[in-house]
Each structure stands twice: as C-alpha cells, then as structure tokens.
Amino acid sequence: MTLTAPAPPAPADTAKRPVRGPRSRTGTSAWTPWLYLLPALAVLGALLVYPVYQLGLISFLEYTQAQVSGGEPTSFQGLGNYTALFADPQFRQVLLATVVFAAACVAGTLVVGCALAVLLTRVRALPRLALMLAALGAWATPAVTGSTVWVFLFDADFGPVNKLLGLGDFSWTYGRYSAFALVLLEVVWCSFPFVMVTVYAGIRAVPTEVLEAAALDGASQWRIWRSVTAPLLRPILAVVTIQSVIWDFKVFTQIYVMTGGGGIAGQNLVLNVYAYQQAFASSRYSLGAAIGVVMLLILLAVTLVYLRLLRRQGEEL
C-alpha cells in the first residue's frame, strides 16, 4: 500500500488575492477614464440623446397643429413622412443646393483660414496682434448682427460696396447665385477665425528643425507647406474640416436674415430654413422632424467617411 503525500496548501498571498479588473499601461484601472467622463456623458445624454430620440419619434408620427392642440389624435405613419419628403421635387432641389453651398463654404473657410494662419507666422508681433484681434472680433460677432451689417454693406441704394465697385443699384439678394455668393462671403468671414487660430497653433507646434531641413534642401514655401507642414497638421485639419462641415451644412441665420427667409420664391432655401418653414410656418412638425433626421444622418455619414479615410492613411485622431 502506497501513501501519497497531500498537496501543499496554496500560498496565502495567492489564495486570498482579490480579483481585479483589467489595468492600463500606467497601472490604473481601464474604467478610470470613463469615471472621469461620466458627468460629461450624463450632460450630453440629457441635452443631446433625448432630443434626438424625440426628433426621430416625431418624424414617424402624424404631428401637426391639430395634434398639438389636442383636436385630433396622434397617429403612427411609419416611413410616410420620409416617402412624402423624398417625393417632393422641392426637397431634392433644396438638398442639392445645401450640399453645394456647404461645400463651397467649407472650401472657402479652409483656404482663407489656412492662408491667414501661414501669414501669421510670417509677420511681426504688432501686425500679428492686429490680425488676431480683427479675426476674433469677426468670430465673436453674433450671426444676426453680422448678417445685418453685410446686408447694409451690399445694399442696392445705400451700400458702400456698390458705390465703390460702380455697380449702381445692383441688388445682390435678387438673383439666386448672387444671393448665395453674398451669404457665402458672410459665412466665410465669421468662420475663418476658428480655422486660422487652430491651424496657427498647430503650425507653431511643428518642430523648426524639420522646416529648416526642408528649406536647406531647396524646397519652396509652397512645397514645404504641401509636403511637410500639411501632413503634420492633418489631424488638426481633420478637426476643423469636420467642424466646418457641421456648421456650414446647417446654416440658418445668415440665409434667413440676408435673403428674407429663403429668397424670392424660395430660390435660396437650404435644409435648415426649409425645415423651419415646414415645421413652423406650415405647422407640419413631423415633416420638419424628418428633414432634421435626414440632416443628422448626412452629417454622420460625412464625418464617418472622412474619419475612415484618415485612418486608412495611418492618422491617429
């Protein structure tokens, strides 16, 4: 008969060691960052998630002034509002105009903002300060005030721009394309400071050794910007581009004030103004909510596609 020795007891430190969650490289718990973000997420959930949920819910209902006042019961329409929306030729025209107008505004804002950011790195302290103050003044001007000032500047009777250019009584807001061009100039004027300040901060963070090495190799200023500075600023340019797309795609105040609610016969309508007209002027709140959902999905799609393209190029955002 053979006796087997009992297995030795497990060490006390391992037997009673508590089970811990995953830890990061710094030794802190992986849930610690989320705990710090929890208050901000709670605020965003209350101010963003619930309104978006209500917007989507109303877009599936028959919700007009009769339902708001309680005269008729609310009925579920499914995709009926979206079907009616996309069957409307005016909506398709307004959607195309909004996309083209927003793309032009984004391009103009990025070009002007980046050009002035480079200029800030080339001028002395006093001109730099003056340019920064002027840009921040344009940025801080309320949209209603800025739009009213621009309408006065380009007024057919009293505007100084027409007198300076010798255009007589030419009305900028009468024609469709001239009105869109006028609004585009105002949008770029009030939007480029954000791009300028952000890109300028990014340029100042670029190591001077890299720029000096490119200059010693005989690269021109344009080549240095295109081949050295711009790739290093790509994450910053991604942020300002996405922000500009969101801002310019949902322009409302400038169009509404400068064209009198969308121009003659609605020739200068964009989606935000069109949604306002459908929801409040026509009391078709469900149709206005459907337009809002379409705008939200378009912006999400553009943002996700842009970020995906950047990740394919190996950029960390």
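This chain uses plain numbering: 1 for the first residue, then up along the sequence. All heavy atoms count here, side chains included; hydrogens, waters and symmetry mates do not.
- Residue Asn268 holds its CG atom at 7.0 Å from CZ of Arg176, rounded to the nearest 0.5 Å.
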For this session: I would like to know whether Leu61 and Ser75 meet side chain to side chain contact (heavy atoms under 4.5 Å, CB included); could you show each step before the answer?
Result: CA-CA 6 Å; Leu61 303 176; Ser75 59; over 6 Å; no
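- Between the side chain of Thr121 and the main chain of Val118, a donor-acceptor pair closer than 3.5 Å is present.
- Using the six-membered ring where Trp is involved, Tyr82 and Phe60 have ring planes that are tilted, between 30° and 60° apart.
- Using modelled atom types, one finds no donor on one side chain facing an acceptor on the other under 3.5 Å when comparing Tyr285 with Gln278.
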Exercise. Passes side chain to side chain contact (heavy atoms under 4.5 Å, CB included), Val183 versus Phe101? Steps please.
Worked result: CA-CA 9 Å; Val183 178; Phe101 175 74; 3.6 Å; yes
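- Under 3.5 Å, the side chains of Tyr63 and Asn81 contain no donor-acceptor pair of N or O atoms.
- Side-chain contact between Asn162 and Asp169 is absent, with no heavy atoms from C-beta onward closer than 4.5 Å.
- The only member of Leu95, Thr98, Leu269 that meets side-chain contact (heavy atoms from CB on, under 4.5 Å) when paired with Tyr274 is Leu269.
- Contact check for Leu131 versus Tyr200: no side-chain heavy atoms found under the 4.5 Å cut-off.
- Both Leu167 and Trp150 sit in one connected hydrophobic cluster of ILVMFWY residues. Membership requires side-chain heavy atoms under 4.5 Å apart, directly or through other members.
- The CD1 atom of Ile298 sits 6.5 Å away from the CG atom of Leu271 when rounded to the nearest 0.5 Å.
- For the residue pair Asp155 / Trp172, no side-chain donor-acceptor distance below 3.5 Å is found, with atom types taken as modelled.
- Note: Gln65 CD to Arg284 CZ = 14.0 Å, rounded to the nearest 0.5 Å.
- Under the 3.5 Å distance criterion, the side-chain polar atoms of Ser147 are matched with a main-chain donor or acceptor of Ala143.
- Placement of Leu116 and Leu126 in two distinct hydrophobic clusters is found when ILVMFWY residues are connected by side-chain heavy-atom separations under 4.5 Å, directly or transitively.
- With hydrogens and angles left out, the side-chain atoms of Thr241 and Gln243 include no donor and acceptor closer than 3.5 Å.
- Checked against the 6.0 Å centroid threshold, Phe194 and Trp247 count as a close aromatic pair.
- The shortest side-chain heavy-atom distance between Thr198 and Val239 does not fall under the 4.5 Å cut-off.
- Using cut-offs of 30° and 60° on the angle between ring planes, the pair Phe86 and Phe91 is perpendicular.
- Taking the six-membered ring where the residue is Trp, Phe252 and Tyr256 present parallel rings, their angle staying beneath 30° rather than reaching 60°.
- With contacts defined as side-chain heavy-atom distances shorter than 4.5 Å, the pair Ser178/Phe170 qualifies.
- Here the side chain of Gln267 pairs no donor or acceptor atom with the backbone of Ala179 at under 3.5 angstrom.
- Residues Trp31 and Leu41 are members of one and the same hydrophobic cluster, defined by side-chain heavy-atom contacts under 4.5 angstrom among Ile, Leu, Val, Met, Phe, Trp and Tyr.
- Considering all non-hydrogen atoms of both residues, Leu55 and Gly292 come closest at CD2-C, 3.9 Å.
- Between atom CG of residue Leu119 and atom SG of residue Cys114 there is a gap of 13.0 Å, rounded to the nearest 0.5 Å.
- Val43 is not connected to Val49 by any chain of hydrophobic side-chain contacts under 4.5 Å among Ile, Leu, Val, Met, Phe, Trp and Tyr, and they are in different clusters.
- Taking the side chain as every heavy atom from C-beta outward, Thr259 and Phe180 never approach each other to under 4.5 Å.
- The 12-atom threshold is exceeded at CZ of Arg226, counting heavy atoms of other residues, nucleotides or ligands nearer than 6.0 Å.
- We find the CG-CG distance between Leu211 and Leu232 to be 8.0 Å, quoted to the nearest 0.5 Å.
- For Leu184 against Ala104, the heavy-atom pair with the smallest separation is CD1-CB, 3.4 Å.
- In this structure, Glu186 CD and Ile255 CD1 are separated by 10.0 Å, a value rounded to the nearest 0.5 Å.
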Exercise. What's the verdict on side chain to side chain contact (heavy atoms under 4.5 Å, CB included) for Thr74 and Glu62, showing C-alpha distance, side-chain angles and the deciding distance?
Worked result: CA-CA 6 Å; Thr74 302; Glu62 178 66 25; 5.8 Å; no
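- Val273 is listed as a side-chain neighbour of Val270, based on a closest heavy-atom distance under 4.5 Å.
- Residues Thr303 and Tyr306 are not in side-chain contact: their nearest non-hydrogen atoms beyond the backbone lie 4.5 Å or more apart.
- For the residue pair Lys163 and Asp157, the shortest heavy atom distance occurs at CE-O, 4.1 Å.
- Applying the 6.0 Å contact sphere to CZ of Arg223 captures no more than 12 heavy atoms from other residues, nucleotides or ligands.
- Ile291 and Val52 fall into different hydrophobic clusters, where Ile, Leu, Val, Met, Phe, Trp and Tyr side chains are chained together by heavy-atom contacts under 4.5 Å.
- Nearest heavy-atom pair across Asp248 and Val187 is OD1-CG1, 3.4 Å.
- The environment of OH in Tyr36 is sparse: at most 12 heavy-atom neighbours from other residues, nucleotides or ligands sit within 6.0 Å.
- Smallest separation of non-hydrogen atoms from Ala289 and Ile58: CB-CG2, 3.9 Å.
- A donor-acceptor pair is defined here as one N or O able to donate and one able to accept, closer than 3.5 Å; no such pair exists between the side chain of Asp217 and the backbone of Ala219.
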For this session: Under the side chain to side chain contact (heavy atoms under 4.5 Å, CB included) rule, what do Trp139 and Leu136 come out as? Steps first, then yes or no, please.
Result: CA-CA 5 Å; Trp139 194 12; Leu136 293 178; 3.7 Å; yes
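- Side-chain contact between Ser286 and Gln67: absent, with no pair of heavy atoms (C-beta onward) separated by less than 4.5 Å.
- Shortest non-hydrogen contact noted between Pro51 and Leu48 is CD-O, 3.3 Å.
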